[in-house]
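Numbering of ligands and ligand atoms starts at 1, following listing order. For clarity, every value in this text was computed on a predicted model and none was experimentally measured.
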Amino acid sequence: MSSSYRAPHTVLEELGIREPEDIKIEAIAEYCGATILYEALEGTEARILGYGDRAIITVNVAAPLGRRRFSGAHELGHWMCDRGKIAFACTDRVFTREWSDDNPERRANQYAAELLLPQRMFSAHAKNREITFAAARDLAEVFKTSLTATAIRLVEFGSFPAVLVCSDRDRRRWFKRGPDVPDVLWPHDRVSPRTVAYDVLHGKALPSGPVDVCADGWFGHHEAHRYAIREDSVRITDDYVLTLLWWKDERQLLDLEDDDNDDEQ
Ligand SMILES: [Zn+2]
């Protein structure tokens with residue numbers, strides 16, 4: 001094939017891939033001119049060397065399957081987005097942190113997400129699933145990819161209103177809101193002590209699983225204290241905690257919608 005950019009859905013379509021189990025990253029990369037090798041790597045999770053029409057991707061053989069696949073797809077993203085003579089070495093941090101600012105790492109993560117968790121397939125599998133890490137883990141198993149990437153897709157294409165927040169002890173690093181969550185709900189810059197995420201970040205032993213918390217622990221909107229949201233927080237690296245916030249009780253969102261309508265009258 002020619003060496004031009006192809007969107008993930010185009011690649012999948014050209015290869016006739018319609019089911020998650022058919023998303024074979026090595027074969028897809030090969031089709032795009034890149035060979036994936038698995039080797040012991042130190043200090044990086046994956047790297048790519050490309051020149052002209054050919055690239056070699058090396059992925060850390062010691063990583064779990066979901067991470068290896070995501071790393072391979074991420075490097076393929078570099079290949080598709082920044083072709084020609086390229087060399088990237090990508091660390092663990094890149095896969096958890098680079099989901100917001102527009103840069104080559106975010107674009108490679110986005111490419112990997114669209115390739116391994118295609119919207120139409122993902123929506124079908126996520127339909128009516130709860131917005132929790134238990135559900136995200138199940139889906140990560142079906143699509144054989146990383147938990148972070150899967151949780152982002154669950155918020156974006158799941159059936160219920162939710163936000164995903166990634167935080168460290170100092171502050172919120174990034175967040176993703178689902179399409180049904182209005183812009184006025186903006187997560188606090190710092191993690192409030194009134195959240196489960198705070199306890200996880202400070203090493204407290206906690207029962208796992210979602211808990212209902214007051215919405216003002218997460219959002220600064222002046223009426224937030226009147227509502228509850230369901231929080232599920234998990235540690236994903238030494239530094240980072242991921243939080244799914246799900247409006248299982250949608251009253252806050254409905255009331256905000258009403259406010260909006262009142263303003264317009
Ligand atoms: Zn990268």
Suppose we only count N/O/S atoms under 2.8 Å; would Glu98 qualify as near the Zn ion (ligand 1)? no
Going by the rule salt bridge (charged side-chain N to carboxylate O under 4.0 Å, His left out), which residues pair with Arg251 if we only count those two or more places apart in sequence or in a different chain? Asp249
Could you pull out all residues at least two apart from Gln119 that satisfy side chain to side chain donor-acceptor pair (under 3.5 Å)? none
Angle subtended at the Zn ion (ligand 1) by His78 NE2 and His74 NE2, to the nearest 10 degrees, is 100°
Tell me, please, whether Trp174 has Arg172 positioned over its six-membered ring: NZ or CZ under 6.0 Å from the ring centre and within 45 degrees of its axis? no
When you measure from the Zn ion (ligand 1) to each N, O or S atom of Glu105, which atom gives the shortest distance? OE1
For residues Ser233 and Thr243, report the shortest heavy-atom separation together with the two atoms involved. OG-OG1, 2.8 Å
